[in-house]
Amino acid sequence: MAARVFASRVSRSLTSSSHLLSRGSKSHLGRIAAYQYSTAAAFEEPIKPAVNVEHTKLFINGEFVDAASGKTFPTLDPRTGEVIAHIAEGDAEDINRAVAAARKAFDEGPWPKMNAYERSKILLRLADLIEKHNDQIATLETWDTGKPYEQAAKIEVPMVVRLLRYYAGWADKIHGMTIPADGPYHVQTLHEPIGVAGQIIPWNFPLLMFSWKIGPALACGNTVVLKTAEQTPLSAFYVAHLLQEAGLPEGVLNIISGFGPTAGASLCSHMDVDKLAFTGSTDTGKAILTLAAKSNLKPVTLELGGKSPFIVCEDADIDTAVEQAHFALFFNQGQCCCAGSRTYVHEKVYDEFLEKAKARALKRTVGDPFKSGTEQGPQIDSKQFDKIMNYIRCGINSGATLETGGERLGERGYYIKPTVFSNVKDDMLIAQDEIFGPVQSILKFKDLDDVIRRANNSRYGLAAGVFTQNIDTANTLTRALRVGTVWVNCFDTFDATIPFGGYKMSGHGREKGEYSLKNYLQVKAVVTPLKNPAWL
């Protein structure tokens, strides 16, 4: 169910949950529609979220505490650039405190020694509490990230709940094997929790990535120190206040807000952290690998960047392919690691596809993410906004044809008009780099050999989309593309059970599904001699 919901057209499938929202003083401007590069973002008074930010401190050993330095930093509203709240700024000393709490909880506390079924029940209670607080959490997520409220409330928070319940189900099903050996020996393997896991999550899907990280780690009996993205700490801290009610013992899950060069680097290089998991940029992933190697050689799971090809074959249903390509790129303001950001279209249907893709972009609803029906909100912050605008200028200067968009929308906040480029060449930066924004690049290909070669000619290998009505074509492409996920006649179909991760510089290891449990377990072989065995 979650997979089908996530891959649906977000703006068409969701209904408003407006009881948590109230308009500002200029609500009469709400009659201005956010449609066809609407100026709603520029002229409407932002909708005021009806939720209070109450949790802004670090969560260490079951308590909310100030940073050791006493420092705070602002988290900003992407709609306006204004301060939402001031958040405790964790650094090395706070990481030390959090790791010490996690280490004590693992070595001396009840969590890894607890009956696995009891751990399962605690994770189920946490999932129930998140479900109960769905609207409050979704409101904070939208306020902090700029993503549409309907997306957060109807898709992302329910997926968090689903994933925690999935891993709760795994907690008492983790076991080793009995292995026959050559000789009179009893041989068994034990699957043991790895210890203290350090986890760092990104800003584009804060709570969803929170659940991807903590779900398997806790189900396996580990303890966790998790660092939020500095741009989006609010939802994780809200969930932290539910942990005690869920029954999670002190020190099992510790949450730190702070910056990469201080808190992040300290976590990655800490000698008492046994494992790292990171989702974010490839460059940061490289730095994390270096810190892990230079400290205690801790294992690292990385889910990194992507430049996913979206391949439209000549026999594809063009209308469906246009809509899915639009969704694949523009979903979440284009701020998605697996975004279909290289749209390869067969030369025989290229012109038709291009005209329809342009028309769809022009109809995209851009505006306040709290407004019902909004498909696209602002980018996360000024840094990301400027990066995207620089890539758009680069695309124009390199000779690509700007079909639509390419400009800021409004005077306040970080809104960008949905942008479509045609006549894009593989050597252009907009076809090579991860833009992480609402910029669709449409390229032309001749045949399967041509598109396979070009699609694989990337340093990334996270995902791909294939649109064709020919099963042989689909089979050829799914096996030839060097990526971790291939979606055939669909895109962004996620589920708690489906593994996700990349080839090449898109990362190491897999998130979600049974595969992710391996990231948080050690395998121990135990060999015992048998005296006068009845059988071997």
Side-chain angles (χ1 to χ4, degrees), residues 3 102-103 105-124 126-127 162-199 211-224 248-249 252-253 272-278 292 296-303 479 484-485 494-503 507-536:
R103 173 54 61 193
F106 184 79
D107 290 346
E108 304 174 21
W111 188 249
K113 303 176 181 68
M114 186 182 294
N115 181 295
Y117 180 55
E118 293 303 315
R119 287 203 303 271
S120 173
K121 290 194 293 184
I122 290 173
L123 288 174
L124 289 172
L126 178 59
R162 172 68 177 93
L163 189 133
L164 290 176
R165 288 173 176 160
Y166 173 79
Y167 282 112
W170 266 111
D172 61 355
K173 299 171 185 66
I174 297 168
H175 55 79
M177 300 172 63
T178 301
I179 303 170
D182 293 339
Y185 298 97
H186 175 77
V187 182
Q188 63 177 328
T189 58
L190 303 177
H191 291 183
E192 301 181 345
I194 202 166
V196 176
Q199 302 178 327
S211 68
W212 286 23
K213 294 291 185 289
I214 71 164
L218 296 181
C220 292
N222 299 282
T223 58
V224 173
L248 196 71
V252 172
L253 177 56
D272 219 11
V273 171
D274 301 304
K275 190 266 182 310
L276 290 173
F278 169 75
N296 57 349
L297 206 62
K298 58 181 74 67
V300 182
T301 304
L302 300 172
E303 196 266 281
R479 284 158 175 75
T485 299
F494 286 92
D495 190 90
T497 64
I498 302 174
F500 184 75
Y503 289 21
H508 298 159
R510 293 296 180 266
E511 306 260 30
K512 302 192 291 103
E514 180 180 359
Y515 290 88
S516 69
L517 297 171
K518 299 177 182 179
N519 300 329
Y520 296 99
L521 294 168
Q522 293 276 27
V523 178
K524 178 184 290 181
V526 180
V527 182
T528 306
L530 295 171
K531 293 185 178 180
N532 302 316
W535 55 269
L536 286 176

field: Full working for side chain to side chain contact (heavy atoms under 4.5 Å, CB included) between Ile194 and Cys220
entry: CA-CA 8 Å; Ile194 202 166; Cys220 292; over 6 Å; no
What is the distance from atom [atom1] of [X] to atom [atom2] of [Y], rounded to the nearest 0.5 Å?
X	Y	atom1	atom2	answer
Thr223	Ile214	OG1	CD1	12.5 Å
Lys524	His191	NZ	NE2	12.0 Å
Trp170	Ser516	CH2	OG	9.5 Å
Leu124	Tyr167	CG	OH	14.5 Å
Phe278	Thr301	CZ	OG1	12.5 Å

Minimum heavy-atom distance between Ala181 and Val187, given as atom pair plus value: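 Looking at all heavy atoms of both residues, the closest pair is CB-CG2, 3.7 Å.
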- request: Return the minimal non-hydrogen interatomic distance between Asp272 and Arg103, and the atom names on each side.
  value: O-NH2, 3.1 Å
field: Cationic N near anionic O, under 4.0 Å, Asp172 to Lys121
entry: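 No.
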field: Carboxylate-amine/guanidinium proximity below 4.0 Å for Glu511 and Lys213
entry: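 Here Glu511 pairs with Lys213 in a salt bridge, since their nearest N and O are under 4.0 Å apart.
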Just by modelled atom types, is the [Y] backbone N or O under 3.5 Å from a matching donor or acceptor in the [X] side chain?
X	Y	value
Lys113	Asp107	yes
Arg162	Ala496	no
Trp111	Asn222	yes
Lys298	Ala292	no
Thr189	Met177	yes

task: Name the orientation class of the two ring planes belonging to Trp212 and Phe494 (parallel below 30°, tilted from 30 to 60°, perpendicular beyond 60°).
output: tilted
task: State, yes or no, whether a side-chain contact exists between Lys275 and Pro299 at a heavy-atom distance under 4.5 Å.
output: yes
- prompt: If we only count heavy atoms from C-beta on, is the Leu218 to Arg119 side-chain gap below 4.5 Å?
  reply: no
